[in-house]
Structures are given as C-alpha cells and as structure tokens.
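Encoded as structure tokens, the structure appears first; notes follow it.
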Amino acid sequence: MSAIHYAETKYGFDWGAVKIERCFSDSKKGWVVLCLETPKHQRGNLLQIYVTKTGKVRISDAHGEWLKIKKEKL
C-alpha cells in the first residue's frame, strides 16, 4: 500500500486527491471560506465551504448552494 501524498501550502494543504485552502476570511466578523478542490471539483467548479463564528456551515459550488433535502412527513 502506498503512502498518501501530503503537503502544506501557503493557506492550506494537499492530502491525497484533495486540496483545501482558506480562500477568504474576516477576523473581525469571525467567518472563513475554505475552498476544496478535487479532480472532479476543480477550477470553476471547486467547492466553497463558508463557516460562521457560531459554526454554521454553508456549502456551494458553481451551480449554487447545496441545500438540505426536506424530509416529508409520513
């Protein structure tokens, strides 16, 4: 079994097939946007993960925000 590639970058790290970096942040307001890039989500279609200071997480890509699936009542 081969070792998984790992390397630190200026704003994040590469680990196997994924590259995670801090794209934007505001230390006064306490939010950060992480960009996640894989061979299937790259360039214009990378994933953006927005995290607020309270821990709320929003995920989006080139097609828009990923929303929770609403469960129907039985």
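Side-chain atoms are counted along with the backbone in the values below, which use heavy atoms only and exclude waters and symmetry mates.
- Counting only heavy atoms from C-beta outward, the side chains of D61 and H41 approach each other to under 4.5 Å.
- Follow the hydrophobic side-chain contacts under 4.5 Å out from W31 and you never reach I59; the two are in separate clusters.
- With a 4.5 Å cut-off on side-chain heavy atoms, E37 and I20 do not count as touching.
- A 4.5 Å side-chain heavy-atom check between K53 and K29 finds every atom pair outside the cut-off.
- In terms of hydrophobic clustering, with Ile, Leu, Val, Met, Phe, Trp and Tyr side chains grouped at heavy-atom distances under 4.5 Å, F13 and V51 are assigned to a common cluster.
- Among all heavy-atom pairs drawn from Q48 and C35, the shortest one is CG-SG, 4.2 Å.
- Rounding to the nearest 0.5 Å gives a distance of 12.5 Å between NZ of K19 and OG1 of T38.
- Y11 and V32 are assigned to two separate hydrophobic clusters, defined by single-linkage of ILVMFWY side chains at heavy-atom distances under 4.5 Å.
- When all heavy atoms are compared, the tightest approach of P39 to A17 is CD-O, 3.3 Å.
- Using a 4.5 Å heavy-atom threshold, the side chains of L46 and L36 count as separate.
- Between the side chain of T52 and the backbone N or O of K56 there is at least one donor-acceptor pair closer than 3.5 Å.
- Under a hydrophobic-cluster definition in which Ile, Leu, Val, Met, Phe, Trp and Tyr are linked whenever side-chain heavy atoms come within less than 4.5 Å, directly or via other members, V57 and V33 are assigned to different clusters.
- Side-chain heavy atoms closer than 4.5 Å link hydrophobic residues (I, L, V, M, F, W, Y) into clusters, and following such links, even through other members, never connects F24 to L47.
- E21 and T9 get closest at one heavy-atom pair: OE2-OG1, 3.3 Å.
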